[in-house]
Amino acid sequence: MSFDAKFDILKEQFLNIEFISEENSFEKIRIDSNSIVGLLNVLKYDALFDFDMLSSFIAVDLKDNFELIYDLYSTNSNKSLQISTLIDRNSAKVSSITEIFKSAHFDECEIFDMFGIEFLGNKNLKRLFMPKEWVGYPLRKDYVLDDSRLAWNSEVKS
Amino acid sequence: MNYLYYLYIQFLAKYHLPEAIGMITFPLLPFIIVAVVLIVMVIFLVLLERKVLAIFTQRKGPNRVGPWGLFQTIADAIKLLIKENITPVGAEKFMFTLAPLLAFIPVMAIWGLIPFSAEFDFISYSVGALLFMTIASIPILAILLAGYASNNKYSLLGSMRSVAQAISYELPFVFVLVAVVVLASSMNLGQIVLAQTSVYPFCGWFIFPSFLGFLIVFICALAELNRCPFDLPEAESELVSGYNTEYSGMRFAFFFLAEYAMMFIMCAFIATLFLGGYLSPFGFYLSTKIFGNGHLGQILVYFEQVFWIFLKTFFLIFCMMWVRATLPRLKSNQLMGFAWKVLLPASLLNLLFVCLYKYFLFAK
Amino acid sequence: MPNSNQLMKINIGPQHPSTHGVLRLVLELDGEFIRSCEPIIGYLHRGMEKMAENRTYLQYLPTVDRVDYLSGFFYASAFCDAVEYLAQIEVNKSVKYIRVLTMEMNRLASHLLWLGTFMLDLGATTPLFYCFRDREVILSLFESLTGQRLMYNYYTFGGVKHAIPSDWLDKTAEFVNSMPSKIQDYENIITKNPIFVSRTKGIGVITKKSALQYSITGPNLRASGVNLDYRKQKPYLIYNELEFDSITAENGDSFDRYKVRVEEMRVCLKIISQCVDWLKSNQGEVVSAIKQPLLKVPAGEYISNVEAPRGLCSCYLKSDGTNMPYRVKWRTGSYYAVQILPKLLEDNLYPDLMAIFGSLDVILPEVDR
Amino acid sequence: MIKKITKSFEYIVALVLGHLTVLKHIFKKPVTLEYPEKKAVLNENFRGEHALVTDSGGNLLCTACGTCQRVCPSFGTIEIEKDKNESGKFYPKNYSIDLNKCIFCGNCVNYCPFGAIVMTKEYELSNQKKSSLILDINTLKSNYSDSIIEKKEK
């Protein structure tokens, strides 16, 4: 069962699903953000795909929108697959996948902490690393590092 | 002993002091010696523990303060003396200060009970062993008092647990003590040691008929002293740092010294019970061979006996440190279960065996 | 279940003797039993991913060792692997062998430190000194090879900083021959010890399903029976040429995690001796040819996977053609091990906290990045 | 019941074996190094305190090109004041390294095109004042001459 045949099965179930392989980059399956949960459910529980581990959950700020990359891995068939979605920058909301993969809770809290992306359905979404009262989302490209407390900003040479 | 008394009177006469003073002060002499030897012994023991643990792990141990680090413990003691004695708010003042004393004083009392040689048997009661057990359990009350008086929820919990542990390990200890008393058919420690004499080296000792008893007593001593596999109360630094949380300065030093003094005396007690106290392992005394049987030989026999009991005690202390170097800590529920489910039946079994051994061997 | 007001809420850390760094656990205790636990992390967050975005590739390389200061080589190798893939920099075989050799020695050192501190948590003091005595030999070997004991900065793109000193391989071979007896010593003291066995057998069991749910990787996963070792499944560098086996155990409790790691130490020794023999027999040009400081990497993205001592370490690198990385994301093993901790601690005795947490081999710089 | 006895017998054997392995270490030499009296032997590429290389004539090899500044991972550690001497060659009028920020990674040594900066084996750098941790050009020069003398003694 080659990968293309499997991909065709997915094509029928999901509307705007496309296969991307840019130059000098790994192949990704691009899908829009509101049908992510459906796709991951199929990929995990369907015996055909059986991707049972979310190895890593990456968010990237592409200046005009965010990209979420789900790096799945299947222990039985030793294959890994990357799913990617694009989220609009100012209304950054996506449904949470903690029901499917429990490991995503920490990742989602971190991405919310660093990028400000809201994960609907995640029970206690809170800042993971930054202190509770921190303002702004540090890993965004437009985040200005002007906090006077940071070491190299303070001009005082003791 | 009268020869020593005669020497002492002559010594006083040289400074033309009347003989009456000699008569009064002579009984005091042993207790002064005991106090000095105890303090020196405890200071040396604290250092010995750190040195022995260092040798086990291929390290050098403290060697900066004084030659081979001998003054290390004195330096620690001075440091503790200088530190401020903090009494927590809301603590029972009187009981808070009483607890460390209550932990240390009984240890001084028990010291006299143990026969260091045929002559240096300072307090020889006909019920020596029983008296030892009663006084040895007073420090457990001190732990309870310390936990209650320091008005700290955690130290109360910690002291409760260490008292429960000490009591549940006292029971097997007493049953094995009964077995030894059966063997020696007397409670007086001096008699117990004499009952272990035999012509051939070693084989008179009680460790051979009741080896199981020796193991049980060794384990129970470890538990009573809160030492290695059973050091749950101190190890509770994760949750509760034991009963001496609130203590600082000299009061903490008292608890610390009491623990080491108790260790020394517990080992001395086990040595008298099982390893034949001051009897020399070769069946005869070297000093009579070397210095003949005159007065000098007799006096040196006493001192040689003291040497033998110290040697056996330090061997047992080395074993305790050796166990501390190897074993991890027990969990709290295993701790209790081990005492009641394993040690108690084993001590009864040992008692049964010893009685049978005594009946068949001495029945005729 | 007693209502929650009877529970005693205490928190352990962030400064605490046995939290291996600055982790804070808020525990709710019902007498002796732990009812709930909530890890609070972020005390050691240094912004590794933000730092990458305003530093050139060569400037970022030394900070990569600090993602997990006990296994610096793995993270440097993951980052170098990603940059070399994107910039199509060729790396010859002897450099690969040096990387595998130093990584396996680093894994051995990290496992030794884990064993020492794990036994210290359980109360046995001497294994700590034995493990540190052996780890000291490895650290002094690293110091003579790279110049520092923990922060190596030895790998660069396309090779290593400087060649191996002359007698270094012989000293390593001598060390490898002396190690098996030492590991046997640890086994004698610990493995069959009744107190250790009763404190770790059947405690903190991670089932195969929940391990995959929480994406646990590395020795913790292999102890639960899943044979996932990235050196075997997705061989990188020259692991396909080396002959070694990945260790698994069945019931995933603290004892099995201990067993898997001690066996893995022996596997490390086997790999090290193979690498040393190969490196002795054929010399190769090892020093990296890239000397210009402003290395430009063409646009692209890549995920490089490396089997770190605490689980899978994957580095996602996205470059946009300039000399600074556009986005770096580190996936580390302890991050997910801390996440499963509350589930393991439920309804366990309080002293079990040390047995479970120690056996997971969590280290905080990896969690907070 | 028999299983219990064999198990406890196995435990006793394991305990005795554990104790004997620990006892075995009594006869081994201590491995600890008494630091202030005896110092550890360091390899030549040990990364310690920095030093500016001077040729036999006593003038610096450094041409103040600033590569070390660009390669240093922590910003603002190396401060250079460029100047031109009479023969038109650039030389650093002032060159300071701030050890508070330096992480001793060795990038400056590795990527310096002229090999003008070197890391000596000096690692006892603690000091009372933070300002004395900022090495100016004279201390860097004297470091190099000290390390040369040291090499000669060996």
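Excluded from the calculations below are hydrogen atoms, water molecules and symmetry mates; all remaining heavy atoms, backbone and side chain alike, are included. Computed from a predicted model, the values in this text were never measured in an experiment. Order of the sequence lines sets the chain letters (A, B, ...), proteins ahead of strands, with each chain counted from 1.
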query = Centres of the Y230(C) and Y73(A) rings: under 6.0 Å?
reply =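 Ring centroids of Y230(C) and Y73(A) are less than 6.0 Å from each other.
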
key: D113(A) versus R127(A), closest heavy-atom pair with distance   = OD1-NH1, 2.6 Å

query = When you measure from the centre of the six-membered ring of F57(A), is the NZ or CZ of K329(C) under 6.0 Å away and within 45° of the axis?
reply = no

request  = Would you verify whether the NZ or CZ of K102(A) falls within 45 degrees of the ring axis of Y336(C) while also being under 6.0 Å from that six-membered ring's centre?
outcome  =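 Output no; distance or angle outside limits.
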
[X] vs [Y] side-chain heavy atoms within contact, under 4.5 Å:
| X | Y | value |
| --- | --- | --- |
| L72(A) | F49(A) | no |
| L317(C) | Y85(C) | no |
| L212(C) | L221(C) | yes |

request  = Just do the side-chain contact (heavy atoms from CB on, under 4.5 Å) check on I41(C) and L23(C) with the steps written out, would you?
outcome  = CA-CA 6 Å; I41(C) 55 176; L23(C) 166 74; 3.5 Å; yes

Assess the side chains of [X] and [Y]: does a donor N or O sit below 3.5 Å from an acceptor N or O?
| X | Y | result |
| --- | --- | --- |
| S56(A) | R331(C) | no |
| Y335(C) | E110(A) | yes |
| Y316(C) | E49(C) | no |
| E366(C) | S334(C) | yes |

Chain A contact via [X] - side chain, backbone, both or neither, heavy atoms under 4.5 Å:
| X | value |
| --- | --- |
| K318(C) | side chain |
| L312(C) | side chain |
| A299(C) | backbone |
| Y214(C) | both |
| I340(C) | neither |
| T217(C) | side chain |
| Y43(C) | neither |

query = Are there more than 12 heavy atoms of other residues, nucleotides or ligands under 6.0 Å from atom CD of E90(C)?
reply =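 Not buried by this count: 12 neighbours or fewer within 6.0 Å.
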
ask   = Between L44(C), V226(C), L228(C), which residue shows the highest count of heavy-atom pairs closer than 4.5 Å to chain A?
value = L228(C)

key: Among K209(C), Q339(C), R327(C), residue most engaged with chain A (heavy-atom pairs, under 4.5 Å)   =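 When all of K209(C), Q339(C), R327(C) are compared, Q339(C) has the most.
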
query = Are there residues of residues 20-29 of chain A that reach to under 4.5 Å of chain C by heavy atoms, and which ones?
reply = E22(A), N24(A), S25(A), F26(A), K28(A)

task = Could you list which of residues 74-90 of chain A have a heavy atom closer than 4.5 Å to any heavy atom of chain C, in residue-number order?
result = T75(A), N78(A), S80(A), Q82(A)

message = Which atoms of I100(A) are under 4.5 Å from chain C, going by heavy atoms: the side chain, the backbone, both sets, or neither?
response = backbone

message = For F115(A) and F66(A), take the angle between the two ring planes, folded into 0 to 90°, and tell me which bin it lands in: parallel under 30, tilted 30 to 60, perpendicular over 60.
response =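 The rings of F115(A) and F66(A) stand perpendicular, inter-plane angle above 60°.
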
